[in-house]
Engineer: 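The following block contains the structure, expressed as structure tokens.
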Amino acid sequence: TEIAPTEEQSFLLSKHAGTARFVWNWGLARRVEIRNQTGRWVSCYDLRKEFDQIKRGQFPWITEVSAHVSGSAFADIHVAFTNFAREMKKCKSGERKEKPGFPRFKAKGKCRVSFRLYGQIHPSVDSIQLPRIGIVALKEKGYLPTSGVKILNVTISQTAARWFVSLNVEHEIADPVARPESIVGVDVGITTLATCSDGRE
């Protein structure tokens with residue numbers, strides 16, 4: 001759903017997206033560096049711990065955006081390497097012919113501009129409340145669920161200078177109720193094409 005952020009909110013959204021890209025690049029570079037030094041892959045959990053210890057000293061501007069942004073970036077690195085390892089396994093077993101691409105760095109202006117947020121996310125008919133961003137007006141109204149679902153997270157993305165939100169939700173679907181229907185058995189014969197259990201021929 002397209003949103004209509006103010007100029008100040010647009011700046012803040014761009015800062016969040018830039019942070020997500022920066023953390024991805026830092027995490028990817030650090031993971032490869034540790035692999036080259038030790039011969040083993042460090043877990044993304046340990047990478048995040050290391051980043052959290054140094055960010056205030058080396059990257060103080062990180063604190064200006066939601067902490068969920070960096071956490072999501074490390075989660076994305078984990079997923080990317082998991083997918084890469086799975087596809088490499090298929091390649092070695094012959095299930096896949098082409099080698100999968102190794103996770104790449106994200107260059108500004110050449111990658112998808114997006115980030116994820118968790119926590120206090122409250123959509124309404126004409127706006128949505130986002131952590132650290134505030135209440136943002138919706139340009140497209142009536143698409144976001146306002147009740148009956150559990151909101152897991154929100155992805156904010158930018159396409160051609162337009163900002164969009166996408167909600168990831170859990171929704172409980174009730175078991176379908178069986179409708180009572182009359183059932184008729186059919187006996188296919190030779191002299192009569194078909195005889196129904198209710199006597200009709």
Side-chain angles (χ1 to χ4, degrees), residues 1-6 8-24 27-28 43-45 47-49 51-52 62 64-87 89-90 95-96 100-101 103-104 106 111-183:
T1 298
E2 188 175 358
I3 56 177
T6 63
E8 184 181 350
Q9 288 173 334
S10 292
F11 177 75
L12 199 50
L13 293 172
S14 295
K15 187 178 283 190
H16 276 70
T19 299
R21 184 182 67 252
F22 172 83
V23 174
W24 165 279
L28 180 57
S43 74
C44 288
Y45 173 76
L47 270 182
R48 184 177 177 179
K49 276 175 60 178
F51 183 79
D52 286 344
I62 290 278
E64 297 173 13
V65 304
S66 171
H68 296 301
V69 173
S70 56
S72 297
F74 286 114
D76 290 343
I77 292 173
H78 172 75
V79 170
F81 274 95
T82 300
N83 292 341
F84 173 74
R86 184 183 64 244
E87 295 305 312
K89 198 173 182 180
K90 286 182 182 178
E95 290 180 62
R96 178 185 170 129
R104 296 185 215 175
K106 295 182 178 182
C111 67
R112 183 170 181 254
V113 178
S114 68
F115 61 94
R116 264 193 328 278
L117 294 174
Y118 299 81
Q120 298 299 310
I121 301 161
H122 301 293
S124 66
V125 176
D126 56 3
S127 65
I128 182 168
Q129 183 175 346
L130 302 171
R132 296 298 290 268
I133 308 293
I135 297 174
V136 184
L138 297 178
K139 199 165 187 180
E140 299 175 309
K141 300 175 177 63
Y143 291 101
L144 297 180
T146 56
S147 62
V149 297
K150 178 184 177 183
I151 298 174
L152 303 178
N153 58 61
V154 59
T155 298
I156 295 105
S157 59
Q158 186 185 40
T159 304
R162 297 162 65 192
W163 288 98
F164 298 84
V165 296
S166 175
L167 294 179
N168 184 17
V169 304
E170 276 184 1
H171 179 72
E172 191 170 329
I173 301 174
D175 292 332
V177 179
R179 292 180 298 175
E181 295 177 357
S182 57
I183 299 173

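This structure is a prediction, so every number in the text was calculated from the model and none was measured.
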Engineer: Is a donor on one side and an acceptor on the other found under 3.5 Å between the side chain of Arg132 and the backbone of Glu64?
Structural biologist: yes
Engineer: Give the C-alpha distance, both sets of side-chain angles, the deciding distance and a yes or no for side-chain contact (heavy atoms from CB on, under 4.5 Å) between Leu144 and Val165.
Structural biologist: CA-CA 9 Å; Leu144 297 180; Val165 296; 4.1 Å; yes
Engineer: Heavy atoms only: give me the nearest Cys44-Ile77 pair and the separation to one decimal.
Structural biologist: SG-CG2, 3.6 Å
Engineer: CD1 of Ile151 to NE2 of His122: how many Å apart, nearest 0.5 Å?
Structural biologist: 8.0 Å
Engineer: Checking the side chain of Gln9 only, and the main-chain atoms of Ile135 only, is there a donor and an acceptor separated by less than 3.5 Å?
Structural biologist: yes
Engineer: Decide side-chain contact (heavy atoms from CB on, under 4.5 Å) for Phe81 and Ser43; before the verdict, give the C-alpha distance in whole Å, the side-chain angles of both, and the deciding distance to 0.1 Å.
Structural biologist: CA-CA 10 Å; Phe81 274 95; Ser43 74; over 6 Å; no
Engineer: Calculate, to the nearest 0.5 Å, the distance between atoms CG and CG belonging to Leu47 and Leu28 respectively.
Structural biologist: 9.5 Å
Engineer: Show the numbers, then the answer: is there a side-chain contact (heavy atoms from CB on, under 4.5 Å) between Lys89 and Arg86?
Structural biologist: CA-CA 5 Å; Lys89 198 173 182 180; Arg86 184 183 64 244; 5.6 Å; no
Engineer: Let me confirm one number: the CG-CG distance from Leu130 to Leu12, rounded to the nearest 0.5 Å.
Structural biologist: 10.0 Å
Engineer: Could you go step by step and tell me if Asn168 and Ser166 meet the side-chain contact (heavy atoms from CB on, under 4.5 Å) rule?
Structural biologist: CA-CA 7 Å; Asn168 184 17; Ser166 175; over 6 Å; no
Engineer: Distance from Thr19 atom OG1 to Ile62 atom CD1, nearest 0.5 Å?
Structural biologist: 4.5 Å
Engineer: Counting N and O atoms only, with roles assigned by atom type, does the side chain of Glu140 sit under 3.5 Å from a partner on the main chain of Glu2, one being a donor and the other an acceptor?
Structural biologist: yes
Engineer: Closest heavy-atom contact between Ser124 and Leu138?
Structural biologist: O-CD1, 3.7 Å
Engineer: Going by side-chain contact (heavy atoms from CB on, under 4.5 Å), Leu167 matches just one of Thr1, Leu152, Val154. Which one?
Structural biologist: Val154
Engineer: To the nearest 0.5 Å, how far apart are CD1 in Ile133 and OG in Ser10?
Structural biologist: 10.0 Å
Engineer: Which pair of heavy atoms, one from Lys106 and one from Cys111, lies closest together, and at what distance?
Structural biologist: CB-SG, 3.7 Å
Engineer: Evaluate whether atom CZ of Arg104 has more than 12 neighbouring non-hydrogen atoms of other residues, nucleotides or ligands under 6.0 angstrom away.
Structural biologist: no
Engineer: Ignoring hydrogens and angles, tell me if any N or O in the side chain of His68 forms a donor-acceptor pair with the backbone of Arg116 under 3.5 Å.
Structural biologist: no
Engineer: Would you say NZ of Lys141 has more than 12 non-hydrogen atoms from neighbouring residues, nucleotides or ligands within 6.0 angstrom?
Structural biologist: yes
Engineer: What is the minimum heavy-atom distance between Pro103 and Trp24, and which atoms define it?
Structural biologist: CB-CZ2, 4.4 Å
Engineer: Of the non-hydrogen atoms in Pro131 and Leu117, which two are nearest, and what is the gap between them?
Structural biologist: O-CD1, 3.8 Å
Engineer: Nearest 0.5 Å, please: how far is CG in Leu13 from OG in Ser114?
Structural biologist: 12.0 Å
Engineer: Can you see which heavy atom on Ala20 is nearest to which on Ala73, and at what distance?
Structural biologist: O-CB, 3.9 Å
Engineer: Look at the aromatic rings of His16 and Phe115 and report parallel, tilted or perpendicular, splitting at 30° and 60°.
Structural biologist: tilted
